[in-house]
> 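Below is the structure I would like to discuss, written out as structure tokens.
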2 protein chains.
Amino acid sequence: MDILYQRFIDHYSSSQQLTDHTKAEICNHLSILHLNKKHVLIKEIQRHDFAYFVIKGAVRSYFLKDGIEVNTWFALENDMVGSLQNFNDKPSKETIELVENSTLISINIKKLKPLMFSNIQISNFINAVIEEYALFLEEKIYFSQMMNSIDKYLILLDKEPQLFQRIPLTYIASFLGITRETLSRLRAK
Amino acid sequence: MDILYQRFIDHYSSSQQLTDHTKAEICNHLSILHLNKKHVLIKEIQRHDFAYFVIKGAVRSYFLKDGIEVNTWFALENDMVGSLQNFNDKPSKETIELVENSTLISINIKKLKPLMFSNIQISNFINAVIEEYALFLEEKIYFSQMMNSIDKYLILLDKEPQLFQRIPLTYIASFLGITRETLSRLRAK
DNA sequence: ATGATTTTGTGACATATATCAAATGAAATC
DNA sequence: GATTTCATTTGATATATGTCACAAAATCAT
């Protein structure tokens with residue numbers, strides 16, 4: 001098995017031991033992608049059968065609000081990229097785009113998901129993926145409601161310092177829910 | 001099986017048929033609660049092994065920010081109540097409190113969750129619960145980032161009109177991220 | 001390297017919302 | 001039914017952040 005696939009599978013199987021058979025079944029629905037900066041993975045309004053796991057690189061998600069991009073999250077190494085909306089046959093609300101040249105694993109969710117009804121390990125594996133994602137969402141909501149702009153900035157700077165090296169401040173500002181001008185002024189202190 | 005338990009189980013097993021044995025296993029970890037307005041289900045900072053399903057009534061979740069309550073969500077009939085943080089042995093960030101006298105099903109997550117490694121139906125059942133929850137969170141984040149205050153108010157009024165009959169406007173205002181004074185002024189139009 | 005494009009920073013002003021205070025209205029309690 | 005408590009509305013002012021405009025700095029492409 002490809003060592004990159006192994007990394008993805010290990011990341012989500014800490015609570016159970018997968019048989020070789022199950023690993024092979026999962027790998028059947030994976031592939032490795034090398035894509036360049038600005039490449040669009042998932043386009044707003046379109047349906048999409050894949051999720052992605054970042055091996056190397058940086059990805060952002062945004063939607064348009066009155067013609068202005070509102071960034072909703074960023075993914076770096078070992079993060080998942082995608083939207084549950086998609087896995088439930090709904091069109092994506094967001095556009096997902098590469099911020100750096102990246103190596104990704106694509107996961108064919110449409111084909112992998114039905115296996116959860118016949119393979120308990122796959123069911124638990126998918127469970128782990130969704131649960132980590134939901135925990136991430138919970139954290140994000142708490143973060144957005146709990147803090148004022150300055151605190152959000154300081155916490156993000158503390159928790160995810162790599163973001164500030166790799167993601168333009170314009171994107172980070174809109175992620176924090178403020179304009180780039182305001183972020184620039186906060187940073188001046 | 002109690003008809004209320006049936007309602008809970010049916011709600012999360014639309015994609016699979018559960019055997020009587022599985023249903024019984026799930027029911028072993030359920031119980032019915034009748035509790036009064038203002039009762040606190042889960043207290044901030046404390047650990048907690050239970051989630052709840054609202055049969056009848058209204059529940060709110062909030063945390064304290066500089067001594068002021070910030071309401072994070074409301075649950076009515078057929079909604080789940082709880083925090084994934086808890087199911088992962090972390091202390092709750094939020095306090096969950098009844099807004100009306102309510103009938104709830106309590107679910108002992110701590111005991112139910114381990115069964116997902118031996119019973120595939122339970123694994124898929126838990127999957128359905130978490131997935132619905134994650135979809136709800138995705139929707140909530142989109143809602144909070146996409147809209148300005150007036151739009152949020154109008155959409156909430158359109159999508160969840162019952163909230164405005166049953167939940168005090170003070171709570172709804174803080175849920176929308178504005179003060180009760182501002183909400184009152186928005187409504188004046 | 002050099003110019004072009006993108007990103008970040010600074011200033012002046014406008015505006016939505018918060019804050020503080022008080023009045024009115026509704027609901028719960030005795 | 002009267003009284004207390006809680007929820008909502010309205011007003012006057014303060015403040016943080018947005019908007020618009022432009023300059024400086026950094027990054028990219030030829």
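Predicted, not measured: the structure shown is a model, and the values here were computed from it. Lettering follows sequence order; numbering is per chain, from 1.
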> Hey, does the side chain of B/T22 reach the backbone of B/D20 with a donor-acceptor pair shorter than 3.5 angstrom?
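No, because the side chain of B/T22 does not come within donor-acceptor range (under 3.5 Å) of the backbone of B/D20.
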> I need the CG-P distance between A/L183 and C/dT8, as an integer number of Å.
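For the pair A/L183 CG and C/dT8 P, the rounded distance is 9 Å.
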> Which pair of heavy atoms, one from B/W73 and one from B/V81, lies closest together, and at what distance?
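Heavy atoms of B/W73 and B/V81 come nearest at CH2-CG1, 3.7 Å.
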> In terms of side-chain heavy atoms of B/T182, which of C/dT19, C/dT17, D/dT17 is nearest?
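Within the option list, the nearest is C/dT17.
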> Measure from NZ on A/K37 to P on C/dT5 and round the result to the nearest Å.
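Atom-to-atom, A/K37 to C/dT5, this comes out as 16 Å.
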> Within this structure, what is the CD-to-P distance between A/E100 and C/dT7, rounded to whole angstrom?
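Spelled out: CD on A/E100 to P on C/dT7 is 13 Å.
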> Take the protein atom CZ of A/F164 and the nucleotide atom C1' of C/dT8, then report the distance between them rounded to whole Å.
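Checked: the CZ to C1' distance equals 14 Å.
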> Are A/E131 and B/K113 within salt-bridge range, i.e. N to O under 4.0 Å?
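B/K113 and A/E131: salt-bridged.
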> Which nucleotide wins on minimum distance to the side chain of A/S149, given the candidates C/dT8, D/dT10, D/dT17?
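That would be D/dT17.
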> Could you give the CZ-to-P distance, from B/R60 to D/dA7, as a whole number of Å?
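Nearest whole value for this atom pair: 9 Å.
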> Using the side-chain heavy atoms of B/L169, tell me which of these nucleotides is nearest: C/dG9, D/dA7, D/dT9.
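Side chain of B/L169 sits closest to D/dT9.
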> Which nucleotide, D/dA12, D/dT17, C/dT7, lies nearest any side-chain atom of A/T170?
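Among D/dA12, D/dT17, C/dT7, the one nearest the side chain of A/T170 is C/dT7.
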> What's the closest nucleotide to the side chain of B/P168 if the choices are D/dG11, D/dT8, D/dT19?
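Of all the options, the side chain of B/P168 is nearest to D/dT8.
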> Grab the CZ-P distance between B/R187 and D/dA7 for me, whole Å please.
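It is 15 Å, rounded to the nearest whole Å.
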> Hey, does B/S184 reach any base, or is it just sugar-phosphate, or nothing, if we go heavy atoms under 4.0 Å?
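Here B/S184 touches the bases of the nucleic acid.
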> Tell me whether the NZ or CZ atom of A/R60 lies within the 45° cone about the ring axis of A/Y171 and under 6.0 Å from its centre.
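The answer is yes; both the distance and angle limits are met.
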> C/dA18 phosphate, OP1 or OP2: any side-chain N/O from B/T179 under 4.0 angstrom?
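Yes, within the criterion.
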> Which residue, A/I150 or A/E181, contacts DNA chain D at a nucleotide closer to its 5' end, judged by nearest heavy atom?
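So the residue in question is A/I150.
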> Pair B/T103, B/H34 - check side chain to side chain donor-acceptor pair (under 3.5 Å), show working.
CA-CA 5 Å; B/T103 304; B/H34 296 277; 3.3 Å; yes
> How long is the line joining NZ of B/K38 and P of C/dA28, in whole Å?
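Checked: the NZ to P distance equals 10 Å.
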> Is there a donor N/O on one and an acceptor N/O on the other, under 3.5 Å, for the side chain of A/R180 and the base of D/dG18?
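No, the side chain and the base share no sub-3.5 Å donor-acceptor pair.
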> Which whole-number value in Å describes the distance from A/L186 CG to D/dG18 P?
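Going from CG in A/L186 over to P in D/dG18 covers 9 Å.
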